[in-house]
Amino acid sequence: MPNNSDSQVKPSFDYLRNEHEDEINLGELFGILLEGKWLILVIALCVLVLGVAKVLIDLPVYQADGLLQIKENSKPMPGLESLTGFLDNDTPVMAEIELLKSRMILGKVIENLHLNIDAYPSYFPLVGRVIARYLANQNENALASPLFDLSHYAWGGEVIQVDTFTVPAYLEDEIFILQTGEAGTFKLLHDDQLILDGEVGKPASGTLKGHEQHVSIFIPILKSRPGTHFIVKRVSQNQALKNLRESITIAEKGKGTGILSLTVESFSPQAAVQILNEIANIYLQQNVEEKSAESQKTLAFLEQQLPAIKEQLDTATNALNEFRTRKGSVDLDIETSNMLGSTVTLKTETTLLQQKRDELRQRFTESHPQIIAIDKQITRLQGQMNAFDRQIGSLPETQQIILRLSRDVQVNTELYTTMLNSMQTLRVAKAGTIGNVRIVDYAVLPTEPIKPKKIMIMAIALILGLVLGIITVFVRRMLHQGIEDPDLIEKLLNTPVYATVPHSRDQQENSKRLNTKHPSSYPQPAILALTHKEDLAIESLRSLRTTLHFAFLEAKNNIIMITGPSPAIGKSFISVNLAAVMAEAGKKILLIDGDMRKGSAHQMIGTSRENGLSELIMGAIEMEAAILKTVHPNLDFIPAGAVPPNPSELLLHERFDLLLKNISQHYDLVIIDSPPVLAVTDAAIIGRLASATLMVVKAGQHPARELEQSAKRLLQAGVNLKGIVFNDLPESSSRAGYGNYVYQYAYKSGK
């Protein structure tokens with residue numbers, strides 16, 4: 001054959017690929033999924049197992065909830081209307097939420113409940129908690145026995161409570177190991193260094209080696225076997241606050257309702273209830289204290305001003321009495337008396353406003369609206385007083401003096417009396433202060449955990465596993481780039497596809513049976529054409545038999561070589577079963593296993609590979625000793641023989657050529673199962689001696705480049721590549737539109 005195969009073997013495969021890549025074939029997509037169903041199921045099952053493991057390993061999380069009501073300030077008590085400005089303290093709901101999350105509230109919760117001390121048993125890694133929970137439920141209040149002789153781990157029923165644990169600042173958030181001993185004793189270690197020895201119910205302290213800082217601990221409750229390890233850690237304040245804030249959720253139920261919903265999540269239902277109720281109680285207490293603090297500040301201010309007013313009143317009274325003693329009784333006319341009453345009123349109001357301004361300045365700046373309003377009132381009253389002062393200046397001197405002295409006495413008396421009344425009122429207000437926060441619902445003990453959500457996690461794991469499996473199947477398909485359409489192979493190699501052999505489940509069972517046989521025993525024959533004659537794969541080979549009948553009309557000899565691009569593509573299966581199909585038609589067939597390196601045809605025939613082709617070429621045995629009879633009378637077999645050191649050189653020897661010429665005269669057809677084309681050169685050597693060569697291609701196994709190189713190597717060696725056998729077509733072959741190949745080749749002969 002001429003060696004101008006490049007133009008024949010090198011068609012525009014890119015054109016073929018572009019022609020199909022824009023088409024979306026739903027049948028092909030479904031076929032890909034059907035082909036990879038086992039991989040999808042395995043991946044889905046693995047992910048589902050991981051989901052179940054997560055459900056079992058994750059600690060249950062419990063949630064406690066409660067309700068708080070933020071009320072608007074009610075009307076002041078009778079008699080306290082004048083103090084409304086002092087007692088009003090409306091706070092937005094969002095501000096109350098931030099107060100609930102503040103260090104002022106949560107810090108007290110951490111301190112009261114010892115949330116800055118973390119103490120728990122040391123469990124076996126990963127699955128220790130799960131085992132301990134199970135054994136604890138089985139043994140109720142008893143301690144579980146250690147498994148695998150690992151007595152330093154906790155296996156269920158262990159309990160520890162640490163009320164006090166102080167360490168230096170640099171050891172906060174560090175792990176300490178507490179090892180229990182006999183009769184309630186224990187040892188505290190850090191980095192394998194003994195810190196202290198202690199006893200349950202008694203405070204214990206120790207000193208770090210090389211340091212002066214002390215470590216102290218108090219454990220009121222400890223239940224465990226001797227030798228059990230516990231993890232003890234002093235949590236830093238910042239970390240404790242962070243952990244607590246992450247576990248609580250605060251939100252207003254409905255807009256403008258003033259009802260706050262508090263939820264706390266914890267691994268312990270009792271701890272969740274304690275934390276939430278402690279937050280509510282501390283916040284309520286803080287709210288009441290903040291309200292009473294306003295009254296206390298005002299009361300303290302009045303108590304500070306009262307002595308000065310009392311002193312001014314005494315001074316003014318003494319001055320008036322002294323003047324009257326010296327000048328005698330002086331009667332004021334009606335006009336002067338009215339002027340005195342007006343000036344007393346103005347002076348009293350001005351002084352009260354000035355005191356209120358001084359009190360407000362302790363809380364606000366000069367630019368605050370309340371202070372600005374008071375300043376305007378003081379200015380107006382001072383203007384009126386100046387007008388009265390001008391009128392007083394027109395009176396006789398004696399009346400002016402007695403008027404001013406009387407005014408001072410009355411003003412100070414009014415101020416003193418008003419302040420005494422205000423102080424008494426504030427004391428009453430402070431004693432009856434209630435906050436604007438009400439605890440509507442305290443937390444109750446939760447019975448069911450909210451996490452993990454077992455059904456949801458397993459459902460998500462199953463769905464995720466299926467999605468990952470589908471993605472894996474498609475990615476594998478994209479990376480593999482194997483051709484699965486016989487029509488593309490014909491266009492790519494300019495070589496006809498003689499047969500399309502579908503996947504056979506019966507042959508799959510035969511292969512499993514052969515692989516499980518002991519190497520020292522010869523397996524029973526596993527020729528599909530003889531055991532399952534109605535299999536679709538065998539029908540396809542009968543179609544190939546018909547095609548080869550017409551192809552051999554002008555052949556130079558009766559030798560056929562069957563090869564393939566690479567190993568494990570079903571080449572020996574095609575060779576053995578094609579020979580059996582030919583023998584069933586009444587022809588005398590000789591099957592030769594030409595793969596002297598890794599030949600496996602003898603396994604399907606049911607014999608050993610010794611005394612075969614390699615010994616025959618080397619002249620070690622006679623031809624009659626090499627030819628073996630099979631279960632079918634028309635089918636003979638020559639195994640590969642012992643593995644020689646130089647298979648290619650043996651095939652190049654002239655004895656091999658003479659052997660084929662002599663032996664072919666005694667048979668209607670000689671079929672040679674040769675090694676892969678791209679693996680070794682044996683196929684090129686054998687193919688030159690055959691009149692026809694069939695190349696077996698496995699569906700989806702070979703990229704275009706591999707097929708091109710295989711055909712090119714055969715044609716360059718002068719091998720007559722007659723046709724292609726498309727093997728192991730998946731059961732979902734209709735997905736690519738070429739399922740009719742099975743019927744086209746299997747039944748076109750009318751069988």
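- Between Lys533 and Glu584 there is a salt bridge, since a side-chain N of the basic residue sits under 4.0 Å from a carboxylate O of the acidic one.
- Of the candidates Val467, Ile40, Leu39, Thr472 forms a side chain to side chain contact (heavy atoms under 4.5 Å, CB included) with just one, namely Leu39.
- When each of Asp595, Asp593, Asn577, Asp673 is paired with Ser572, the side-chain hydrogen bond (donor to acceptor under 3.5 Å, both in side chains) condition holds for Asp673 and for no other.
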(Q) Walk me through whether Tyr123 and Ile131 qualify under side-chain contact (heavy atoms from CB on, under 4.5 Å). (A) CA-CA 9 Å; Tyr123 296 103; Ile131 298 175; over 6 Å; no
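- For Ser691 and Asn557, the side-chain atoms include at least one donor-acceptor pair closer than 3.5 Å.
- Residues Ile527 and Thr630 are not in side-chain contact: their nearest non-hydrogen atoms beyond the backbone lie 4.5 Å or more apart.
- Inspection of the Thr693 and Asn720 side chains reveals no N or O donor paired with an N or O acceptor under 3.5 Å.
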For residues 664-672, run the donor-acceptor check on the side chains, cut-off 3.5 Å, and write out each pair with its distance to 0.1 Å, sequence neighbours left out.
unit_1: Ser664; atom_1: OG; unit_2: Leu660; atom_2: O; d: 2.9
unit_1: Ser664; atom_1: OG; unit_2: Lys661; atom_2: O; d: 3.1
unit_1: Tyr667; atom_1: OH; unit_2: Asp636; atom_2: OD2; d: 2.7
unit_1: Asp668; atom_1: OD2; unit_2: Lys588; atom_2: N; d: 2.8

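- In this structure, Phe148 and Phe124 have tilted ring planes: the angle between them lies in the 30° to 60° band.
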Q: Start with the C-alpha gap between Glu265 and Lys451, add the side-chain angles, then the distance that decides, and say whether salt bridge (Lys or Arg N to Asp or Glu O under 4.0 Å) holds.
A: CA-CA 10 Å; Glu265 295 181 1; Lys451 299 177 184 177; 3.4 Å; yes
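- Using modelled atom types, one finds no donor on one side chain facing an acceptor on the other under 3.5 Å when comparing Gln507 with His532.
- Counting only heavy atoms from C-beta outward, the side chains of Ile605 and Leu628 never approach each other to under 4.5 Å.
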